[in-house]
Amino acid sequence: MVTISRNELQGLLASCPNLKLVEVLPEIAYREFHLRGAINVPLGDRFEEQIQKEIPDKNQTIIVYSLNFECKISEQAVQWLLKLGYQSVYDYEPGKIDWNAARLPIAHGPSELNSPEK
């Protein structure tokens, strides 16, 4: 499994505008705050179905993250994505706590993908 640091993630976000940033925590945690531009696909019963709907291209670069180093949900999500055949998957292991502590851009509220208006 490939993990990336905050600096590497910042570089990828700047150089790969098409990458998919995925928070795998439950929706309540996502609504509290998330990395700007991230979608919410909680790890759970519907993960496989939801991720393939949101990201049908198996060659898409995907960065998953959860809360912090102690939270292993992002690691589990990476394993699942690799089993599903995704080719370019990274784990931002320090998670959103690290991102927020560095005062990098975050957003609040529901995912645009999940909101009823869309």
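Bear in mind the structure is a predicted one, so any value in this text is a computation, not a measurement.
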Problem - Contacts of Y90 that satisfy ring pair (Phe, Tyr, Trp, His ring centres under 6.0 Å) - sequence neighbours left out - result: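 If we apply the ring pair (Phe, Tyr, Trp, His ring centres under 6.0 Å) test to Y90, skipping adjacent residues, there are no hits.
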
Considering only residues two or more places apart or on different chains, which pairs with a residue in [range] satisfy salt bridge (charged side-chain N to carboxylate O under 4.0 Å, His left out)?
{"range": "residues 99-110", "answer": "none"}
{"range": "residues 3-14", "answer": "R6-D98"}
{"range": "residues 57-71", "answer": "none"}

Donor-acceptor contacts under 3.5 Å from residues 12-25 side chains, at least two apart:
from: S15; atom 1: OG; to: G11; atom 2: O; distance (Å): 3.0
from: E23; atom 1: OE1; to: Y65; atom 2: OH; distance (Å): 2.8
from: E23; atom 1: OE2; to: Y30; atom 2: N; distance (Å): 3.3
from: E23; atom 1: OE2; to: K96; atom 2: NZ; distance (Å): 3.1

Problem - Partners meeting side chain to side chain donor-acceptor pair (under 3.5 Å) with R46 (sequence neighbours left out) - result: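 E49.
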
How long is the gap from [atom1] on [X] to [atom2] on [Y], to the nearest 0.5 Å?
{"X": "I51", "Y": "L84", "atom1": "CD1", "atom2": "CG", "answer": "8.5 Å"}
{"X": "H108", "Y": "E32", "atom1": "NE2", "atom2": "CD", "answer": "9.0 Å"}
{"X": "I73", "Y": "N68", "atom1": "CD1", "atom2": "CG", "answer": "10.0 Å"}
{"X": "L82", "Y": "S88", "atom1": "CG", "atom2": "OG", "answer": "10.0 Å"}
{"X": "E93", "Y": "S5", "atom1": "CD", "atom2": "OG", "answer": "11.5 Å"}
{"X": "K53", "Y": "E48", "atom1": "NZ", "atom2": "CD", "answer": "15.0 Å"}

Problem - Atom of P26, atom of P42 and distance for their closest heavy-atom approach - result: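 Nearest heavy atoms, P26 then P42: CA-CB, 4.1 Å.
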
Exercise for the section: Report whether L43 and F69 are members of the same hydrophobic cluster (ILVMFWY, side-chain heavy atoms less than 4.5 Å apart, transitive linking). Expected result: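 Each belongs to a different hydrophobic cluster.
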
Practice task
Please answer whether the main-chain N or O of G85 pairs with a side-chain N or O of Q87 as donor and acceptor at a distance below 3.5 Å.
Solution key: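 Looks like yes, one N/O pair under 3.5 Å.
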
Problem - Whether W99 side chain and P105 backbone form a donor-acceptor pair below 3.5 Å - result: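 Judged by distance alone, yes, a pair lies under 3.5 Å.
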
Practice task
Give a yes or no on this: more than 12 heavy atoms of other residues, nucleotides or ligands lie within 6.0 Å of atom CD of Q10.
Solution key: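 Enclosed.
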
Handout entry: Enclosure of K72 NZ (heavy-atom neighbours >12, cutoff 6.0 Å)
Key =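 It does: K72 NZ has more than 12 such atoms within range.
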
Exercise for the section: Give the ring-plane orientation class for W80 versus F47, where under 30° counts as parallel, over 60° as perpendicular and anything between as tilted. Expected result: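 It falls in the tilted class, 30° to 60°.
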
Practice task
May I ask you to test the H34-N40 pair for a side-chain heavy-atom distance under 4.5 Å?
Solution key: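 No, every pair of side-chain atoms sits at 4.5 Å or beyond.
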
